[in-house]
Amino acid sequence: MQVAIASGKGGVGKSTITASLLYFLKDRYRLIAVDADAEAPNLGLLLGVEEWEEEREHIGAKVAKINTETCVRCGICYERCPYESIYIDEDGNYVVNELTCEGCNVCGLVCPVPGTITLEQARSGVIRKATTKYGFPIISAQLDVGRPESGKLVTEEKEWAKKLMDELNLEHMIVDSAAGIGCQVIASIGGADLTILIAEPTPASLSDVQRAYKVVQHFRQPAYLIINKADLNPGFTALKEWAEAEGIPVIGEVPYDKAIPKSMAMLKPVVEAFPDSPASKALKEIAERIAEEILG
């Protein structure tokens, strides 16, 4: 199966929970993990990855380039660039800032000298593979600064993971998605068999997880909910009420636990660093439910 883990909101403990679930499930199943947050990947850190065994560049972005030899320095491209990505260097040449260029080609369309401004392919980021210290592989990605195509990076991550599943006879792919509902999250949830939503009992988290659930509904997938920091706001019942109204099973609640930030500083899943902590005991129960009710 391919299981996506999403939250809508950042900072609710999605990667922390994912790492702990992987830790518990690794002895029952042949797993592969995918860190689908190409802008801020950190799942590998929590799983003890110190170096990457293989890296692949993703070429897909396009940036404008000005030929200074044929440029007549009319300045039209400088005036018309919607992203203000063209500047004048110390020699008076018009130059494109590759970090902010979106490859829209407005500059090339308004340039009076044909062929002077061209669009060229550039690297969007890198996709990499490692074996965690727990024995299962992980695929991650790192988006280059200012580059688009984060969703395509995630798609390539998952394609690589699928090939490894076939080659290594693996059973399940666990995808740790990014925050929000952008292209990375859509690529993470698309093609999955189900999505586990992570939320905390606050109005902001409820609002964002509702938006993430709409993405899940778009792909017509079943969804499950884990409530993190469940005792943080005991008077807030709207999250459970929403889940009940939508028919989303709550497969567990994790209490607020100071052991979690301590374990993150140690670069370990909390269930390994502090196995007797309240959060670890709750996560173990959740992992057992996932094994019994979802993965089979």
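These numbers come from the heavy atoms of this one structure, side chains and all, not from hydrogens, waters or symmetry mates. These numbers were taken from a predicted model, which means no experiment stands behind them.
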(request) List the steps, then state whether salt bridge (charged side-chain N to carboxylate O under 4.0 Å, His left out) holds for Asp276 with Lys281. (result) CA-CA 6 Å; Asp276 295 324; Lys281 292 178 180 179; 5.5 Å; no
If you measure only the distance, is there a donor-acceptor pair under 3.5 Å linking the side chains of [X] and [Y]?
{"X": "Glu200", "Y": "Ser205", "answer": "no"}
{"X": "Asn233", "Y": "Thr202", "answer": "no"}
{"X": "Gln2", "Y": "Lys158", "answer": "yes"}

Would one find more than 12 heavy atoms of other residues, nucleotides or ligands at under 6.0 Å from atom [atom1] of [X]?
{"X": "Lys152", "atom1": "NZ", "result": "no"}
{"X": "Lys133", "atom1": "NZ", "result": "yes"}
{"X": "Tyr78", "atom1": "OH", "result": "no"}
{"X": "Glu53", "atom1": "CD", "result": "yes"}
{"X": "Arg123", "atom1": "CZ", "result": "yes"}

(request) I would like to know whether Gln184 and Ser177 meet side-chain hydrogen bond (donor to acceptor under 3.5 Å, both in side chains); could you show each step before the answer? (result) CA-CA 7 Å; Gln184 292 185 91; Ser177 73; over 6 Å; no
Tell me if a side-chain donor or acceptor on [X] pairs with a main-chain N or O of [Y] at a distance below 3.5 Å.
{"X": "Ser207", "Y": "Pro203", "result": "no"}
{"X": "Glu285", "Y": "Gly252", "result": "no"}
{"X": "His58", "Y": "Gly125", "result": "no"}
{"X": "Glu54", "Y": "Arg128", "result": "no"}
{"X": "Asp91", "Y": "Asn93", "result": "no"}
{"X": "Asp37", "Y": "Ala178", "result": "no"}
{"X": "Asp89", "Y": "Tyr94", "result": "no"}

Taking every non-hydrogen atom, the tightest pair across [X] and [Y]:
{"X": "Cys101", "Y": "Ser85", "answer": "N-OG, 3.4 Å"}
{"X": "Arg30", "Y": "Asn169", "answer": "NE-O, 2.6 Å"}
{"X": "Glu272", "Y": "Pro275", "answer": "O-CD, 3.5 Å"}
{"X": "Ala223", "Y": "Leu197", "answer": "CB-CD1, 4.3 Å"}
{"X": "Ala287", "Y": "Leu25", "answer": "O-CD2, 3.7 Å"}
{"X": "Tyr29", "Y": "Gly296", "answer": "OH-O, 2.8 Å"}

Interatomic spacing from [atom1] in [X] to [atom2] in [Y] - rounded to 0.5 Å:
{"X": "Lys129", "Y": "Glu157", "atom1": "NZ", "atom2": "CD", "answer": "13.5 Å"}
{"X": "Ser140", "Y": "Gln142", "atom1": "OG", "atom2": "CD", "answer": "7.5 Å"}
{"X": "Thr132", "Y": "Leu47", "atom1": "OG1", "atom2": "CG", "answer": "6.0 Å"}
{"X": "Ser263", "Y": "Lys268", "atom1": "OG", "atom2": "NZ", "answer": "10.0 Å"}
{"X": "Thr16", "Y": "Asn228", "atom1": "OG1", "atom2": "CG", "answer": "7.5 Å"}
{"X": "Ile76", "Y": "Ile86", "atom1": "CD1", "atom2": "CD1", "answer": "11.0 Å"}

Applying the 4.5 Å side-chain criterion to the ILVMFWY set and letting contacts propagate, would [X] and [Y] be lumped into a single cluster?
{"X": "Ile248", "Y": "Ile5", "answer": "no"}
{"X": "Met165", "Y": "Trp160", "answer": "yes"}
{"X": "Val209", "Y": "Ile186", "answer": "yes"}
{"X": "Val63", "Y": "Leu153", "answer": "no"}
{"X": "Ile226", "Y": "Leu295", "answer": "yes"}

(request) Just do the side chain to side chain contact (heavy atoms under 4.5 Å, CB included) check on Asp144 and Ser124 with the steps written out, would you? (result) CA-CA 6 Å; Asp144 288 348; Ser124 292; 6.0 Å; no
(message) Between Lys162 and Glu159, does any NZ, NE, NH1 or NH2 come within less than 4.0 Å of an OD or OE carboxylate oxygen?
(response)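 A salt bridge is present here (some side-chain N lies under 4.0 Å from a carboxylate O).
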(message) Given the ring of Tyr23, does Lys26 sit roughly above its face, with NZ or CZ under 6.0 Å from the centre of the six-membered ring and within 45° of the axis?
(response)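 Yes.
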(request) Kindly determine whether Phe136 and Ile32 satisfy side chain to side chain contact (heavy atoms under 4.5 Å, CB included), including the steps that lead there. (result) CA-CA 6 Å; Phe136 59 85; Ile32 185 168; over 6 Å; no
(message) For a side chain to side chain contact (heavy atoms under 4.5 Å, CB included) check, start with the C-alpha distance between Glu288 and Ile286, then their side-chain angles and the critical distance, and finish with the verdict.
(response) CA-CA 5 Å; Glu288 289 174 352; Ile286 292 170; over 6 Å; no
(message) If the test is side-chain contact (heavy atoms from CB on, under 4.5 Å), which one of Ile174, Ile196, Val3 qualifies with Ile290?
(response)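 Answer to the side-chain contact (heavy atoms from CB on, under 4.5 Å) test with Ile290 among Ile174, Ile196, Val3: Ile196.
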(request) In sequence, state the C-alpha distance, the side-chain angles, and the governing distance for Ser277 and Ser280, and then conclude on side-chain hydrogen bond (donor to acceptor under 3.5 Å, both in side chains). (result) CA-CA 5 Å; Ser277 69; Ser280 295; 2.9 Å; yes
(message) Please give the remaining members of the hydrophobic cluster of Val154, linking ILVMFWY side chains under 4.5 Å, ordered by chain and number.
(response)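 Val154 clusters with nothing; isolated.
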(message) Who clusters with Tyr87? Use side-chain heavy atoms, under 4.5 angstrom, across I, L, V, M, F, W and Y, and order the result by chain and number.
(response)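 When side chains under 4.5 Å apart are linked, the cluster holding Tyr87 also contains Val95.
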(message) Given Thr116, which partner from the list Thr68, Thr70, Asn67 fulfils the side chain to side chain donor-acceptor pair (under 3.5 Å) test?
(response)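 The residue from Thr68, Thr70, Asn67 that satisfies side chain to side chain donor-acceptor pair (under 3.5 Å) with Thr116 turns out to be Thr70.
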(message) Going by side chain to side chain donor-acceptor pair (under 3.5 Å), name the pairs with one or both residues in residues 234-250, residues two or more places apart or in two chains.
(response)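 Non-adjacent pairs meeting side chain to side chain donor-acceptor pair (under 3.5 Å): Thr237-Glu241, Lys240-Glu253.
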